[in-house]
Amino acid sequence: MLDLKFIRNHPEAVKEALSKRNNPFDLGELLAWDEAYRSRLVESEGLKSRRNTLSEEIGRLKSQKQEAVSQMQEVKEISVRAKEIDQDVADLEQRISRALLVIPNVPHESVPVGSDEGANLVVRVEGEPPKFDFEPRNHWEIGEALDILDFARGVKIAGARFTVLKGKGAQLERAITNFMLDLHTREQDYTEIFPPFLVNRATMTGTGQLPKFEEDLFHCDREDLFLIPTAEVPVTNLYRDEILPGEVLPILHTAYTACFRAEAGAAGRDTRGLIRQHQFNKVELVKFTTPESSYMELERLTDDAEEVLRRLGLAYQVVALSTGDLGFSAAKTYDLEVWLPGANTYREISSCSNFEDFQARRANIRYRPRPEGTRSARPQFVHTLNGSGLAVGRTLVAILENYQQADGSVIVPEALRPYCGFDRIGGG
RNA sequence: GGAGAGAUGGCUGAGUUGGUCGAAGGCGCUCGACUGGAAAUCGAGUAGGCGGGCCUAUACUCGUCUCGUGGGUUCGAAUCCCACUCUCUCCGCCA
């Protein structure tokens with residue numbers, strides 16, 4: 001959520017941001033509500049001030065056994081008027097806060113401007129796509145032939161977009177997860193978190209999934225809980241409604257979770273294979289930083305995720321999303337796209353974003369800056385960042401397609417062998 | 001699921017015959033004094049939100065709200081009433 005004061009003082013900047021995102025939200029109404037809200041509030045507070053003065057006087061008189069009839073009468077009248085005004089104030093306040101929850105973040109100045117993904121900018125291309133002296137197959141053909149992916153039975157027991165991993169497929173999935181977590185915790189200073197996979201409404205609102213994107217989530221009606229679509233949600237909300245001591249920043253967390261997405265509106269897209277599932281595994285990276293360091297930390301976080309791809313020997317490119325393709329809560333995002341020989345294209349495998357104080361304001365996550373100065377500074381909102389490091393299912397896809405052999409077997413990348421205990425799936 | 005107890009500031013803990021209580025005391029923390037330095041001791045300070053004023057301001061100042069959340073009673077509520085949420089203890093069930 002944006003700062004109402006910022007919108008009030010820089011309406012043009014916000015309008016420009018909205019138009020860059022192709023967002024039709026109209027600020028005019030909000031600004032009018034804000035103005036009415038403030039003038040009614042001043043009115044109400046003036047009355048309350050008078051009332052407090054009188055109440056104090058009444059207390060004093062009563063304790064001296066004196067009458068205070070006229071004062072009591074005036075307070076009574078004031079209370080009636082104040083109650084009416086407060087009704088207005090509360091009404092306006094609610095409209096304002098609802099509006100604030102559906103306004104997207106302002107893109108950072110470095111974000112390429114454009115109406116859609118066509119304006120995304122390839123920042124760098126890393127690694128060499130493998131050469132094959134045969135026609136490379138896609139992962140679902142490879143996986144089914146090796147009997148490590150079972151799509152039909154996934155559909156039988158759960159439904160479309162659910163898949164069963166079997167044998168070395170299941171083991172490789174687990175090996176990938178552990179390899180990533182070990183890299184992030186042992187070499188990159190992230191502290192591991194294992195959070196709940198179900199969260200409440202306040203948590204979903206804190207990171208921006210609610211109220212706008214409820215149809216993308218799985219929901220448990222009985223308890224009013226949601227299945228998390230990413231570990232970003234529980235991990236970012238870890239510090240909701242807290243004021244952190246400045247010296248603990250930056251906080252770096254990594255978390256493995258299953259992720260659940262309803263994929264509403266994705267009918268017909270990526271219907272085959274593991275690319276788009278209702279349930280998938282992901283290792284996430286989350287950072288809480290000061291405003292000064294968040295963009296430096298975004299570069300580092302992106303590099304930390306890239307390191308996974310480098311160690312697995314996978315070719316990829318880094319793409320800066322344009323204003324038209326940027327997610328609702330993000331100020332800037334780099335997508336990592338891995339090369340998939342079977343699809344003959346680069347495919348998103350990680351998304352690394354700086355949300356600046358957008359989520360922190362929603363989730364009320366602050367810190368107390370304690371610079372060399374002596375006085376204790378006012379609390380400020382932290383900046384939050386996160387990125388996949390990486391999506392495990394899509395990493396499995398990338399390995400199957402990039403390391404496939406002419407005989408249908410798949411070589412296991414060196415880095416994973418200590419984790420799974422075999423160096424090849426299928427073949428001799 | 002059944003029975004009971006409770007929710008106060010960074011922590012702990014007073015306050016429940018309604019009145020000057022945003023709230024005693026202690027701990028912690030910050031600054032200062034003392035010291036060669038430190039400890040101890042002494043002094044001062046130490047919640048957050050919102051809004052107004054000041055040219056901008058997280059600086060200053062004024063006002064208002066907040067004692068789990070939301071309502072109610074009252075001239076006035078941390079204190080009384082109602083609902084909800086959460087925590088703890090005991091019993092039951094359970095990976």
Side-chain angles (χ1 to χ4, degrees), chain A residues 1-13 30-100 194 196-203 205-206 222-225 237 239-249 290-292 356-357 360-383:
Chain A
M1 141 174 106
L2 300 182
D3 183 5
L4 181 57
K5 288 191 199 112
F6 178 80
I7 299 175
R8 185 187 299 154
N9 296 330
H10 308 280
E12 292 312 316
L30 173 62
L31 292 169
W33 290 338
D34 176 47
E35 207 168 316
Y37 164 76
R38 283 182 293 143
S39 79
R40 289 301 259 174
L41 189 61
V42 168
E43 209 176 331
S44 161
E45 290 189 349
L47 287 172
K48 285 174 183 167
S49 176
R50 172 70 182 153
R51 183 176 67 186
N52 289 343
T53 308
L54 287 169
S55 288
E56 219 171 285
E57 203 178 316
I58 292 167
R60 218 178 307 118
L61 289 169
K62 290 265 182 177
S63 69
Q64 296 165 8
K65 305 289 184 204
Q66 294 182 37
E67 288 299 316
V69 179
S70 68
Q71 287 89 340
M72 284 166 67
Q73 181 59 32
E74 188 179 347
V75 169
K76 192 154 196 170
E77 286 162 11
I78 287 174
S79 289
V80 172
R81 282 171 60 202
K83 201 161 184 175
E84 283 172 24
I85 295 170
D86 281 346
Q87 189 57 52
D88 276 11
V89 170
D91 180 58
L92 287 160
E93 198 171 22
Q94 192 177 46
R95 284 195 231 181
I96 289 166
S97 56
R98 278 192 192 145
L100 286 176
F194 188 75
F197 293 2
L198 286 162
V199 299
N200 57 32
R201 241 166 229 287
T203 297
T205 306
R222 217 168 58 124
E223 309 288 349
D224 196 26
L225 293 172
N237 277 279
Y239 304 108
R240 175 150 51 83
D241 293 322
E242 291 191 29
I243 300 175
L244 303 164
E247 53 275 19
V248 305
L249 299 179
T290 61
E292 296 74 35
E356 299 188 0
D357 64 6
R361 182 170 279 110
R362 282 177 164 248
N364 193 28
I365 307 168
R366 293 174 291 173
Y367 76 105
R368 201 179 292 281
R370 187 67 60 81
E372 68 280 4
T374 55
R375 57 176 172 275
S376 67
R378 301 289 97 190
Q380 286 187 33
F381 291 110
V382 302
H383 279 199

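Chain letters run A, B, ... following the sequence lines, proteins first, then strands; residues in each count from 1.
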[N]: pairing nucleotide in any strand, Watson-Crick or G-U under 3.5 angstrom:
{"N": "B:C90", "answer": "B:G2"}
{"N": "B:U73", "answer": "none"}
{"N": "B:C84", "answer": "B:G68"}
{"N": "B:G25", "answer": "B:U12"}
{"N": "B:U41", "answer": "B:A33"}
{"N": "B:U61", "answer": "B:G52"}
{"N": "B:A78", "answer": "none"}

Rounding to an integer number of Å, can you tell me how far [X] [atom1] sits from [N] [atom2]?
{"X": "A:R201", "N": "B:C86", "atom1": "CZ", "atom2": "C1'", "answer": "18 Å"}
{"X": "A:N364", "N": "B:A47", "atom1": "CG", "atom2": "P", "answer": "18 Å"}
{"X": "A:E93", "N": "B:U64", "atom1": "CD", "atom2": "C1'", "answer": "12 Å"}
{"X": "A:F381", "N": "B:G48", "atom1": "CZ", "atom2": "P", "answer": "13 Å"}
{"X": "A:L92", "N": "B:G51", "atom1": "CG", "atom2": "P", "answer": "13 Å"}
{"X": "A:D241", "N": "B:G10", "atom1": "CG", "atom2": "C1'", "answer": "16 Å"}
{"X": "A:E247", "N": "B:G10", "atom1": "CD", "atom2": "P", "answer": "16 Å"}
{"X": "A:D224", "N": "B:U85", "atom1": "CG", "atom2": "C1'", "answer": "13 Å"}

Which heavy atom in [X] sits nearest to a heavy atom in [Y], and how many Å separate them?
{"X": "A:I365", "Y": "A:Y239", "value": "CG1-O, 3.5 Å"}
{"X": "A:G246", "Y": "A:Y367", "value": "CA-CD1, 3.9 Å"}
{"X": "A:G206", "Y": "A:R362", "value": "O-CB, 3.3 Å"}
{"X": "A:R240", "Y": "A:A363", "value": "CG-O, 3.1 Å"}

Whole-Å [atom1] distance, [N] and [M]:
{"N": "B:G10", "M": "B:U30", "atom1": "C1'", "answer": "13 Å"}
{"N": "B:C67", "M": "B:C21", "atom1": "C1'", "answer": "10 Å"}
{"N": "B:G70", "M": "B:C75", "atom1": "C1'", "answer": "24 Å"}
{"N": "B:U17", "M": "B:G92", "atom1": "C1'", "answer": "42 Å"}
{"N": "B:A59", "M": "B:U74", "atom1": "P", "answer": "41 Å"}
{"N": "B:A40", "M": "B:A33", "atom1": "C1'", "answer": "14 Å"}
{"N": "B:G25", "M": "B:C93", "atom1": "C1'", "answer": "45 Å"}
{"N": "B:C50", "M": "B:C55", "atom1": "C1'", "answer": "23 Å"}

Open item on the list: Which is more 5' along RNA chain B, the nucleotide nearest A:E45 or the one nearest A:I243? Just name the residue.
Closed with: A:I243
Open item on the list: If you assign A:R38 and A:I58 each to the RNA chain B nucleotide with the nearest heavy atom, which residue ends up on the more 5' nucleotide?
Closed with: A:R38
Heavy atoms from C-beta onward define the side chain here; which of [options] lies closest to that of [X]?
{"X": "A:R368", "options": "B:G48, B:G63, B:G76", "value": "B:G48"}
{"X": "A:Q380", "options": "B:C65, B:U58, B:G76", "value": "B:U58"}
{"X": "A:L41", "options": "B:G52, B:C50, B:C65", "value": "B:C50"}

Is there a side-chain polar atom (N or O) of [X] under 4.0 Å from OP1 or OP2 of [N]?
{"X": "A:S49", "N": "B:U64", "answer": "yes"}
{"X": "A:K5", "N": "B:A57", "answer": "no"}
{"X": "A:R8", "N": "B:G51", "answer": "yes"}
{"X": "A:R378", "N": "B:G48", "answer": "yes"}
{"X": "A:N52", "N": "B:C65", "answer": "yes"}

With a cut-off of 6.0 Å (strictly less than), are more than 12 heavy atoms of other residues, nucleotides or ligands near [atom1] of [X]?
{"X": "A:E57", "atom1": "CD", "result": "yes"}
{"X": "A:R98", "atom1": "CZ", "result": "no"}
{"X": "A:E35", "atom1": "CD", "result": "no"}

Determine whether a donor-acceptor pair (N or O, by modelled atom type, separation under 3.5 Å) exists between the side chain of [X] and the backbone of [Y].
{"X": "A:T205", "Y": "A:R201", "answer": "yes"}
{"X": "A:N237", "Y": "A:T203", "answer": "yes"}
{"X": "A:S97", "Y": "A:E93", "answer": "yes"}

Open item on the list: What contact category does A:R366 fall into here, base, sugar-phosphate, or nothing, at under 4.0 angstrom with non-hydrogen atoms?
Closed with: sugar-phosphate
Open item on the list: Regarding A:P245, tell me which of base, sugar-phosphate or nothing describes its non-hydrogen contacts under 4.0 Å with the strands shown.
Closed with: nothing
- [ ] Taking only heavy atoms on the protein side, list every residue of residues 71-87 of chain A lying under 4.0 Å from any atom of RNA chain B, sorted numerically.
- [x] A:M72, A:V75, A:K76, A:S79, A:K83
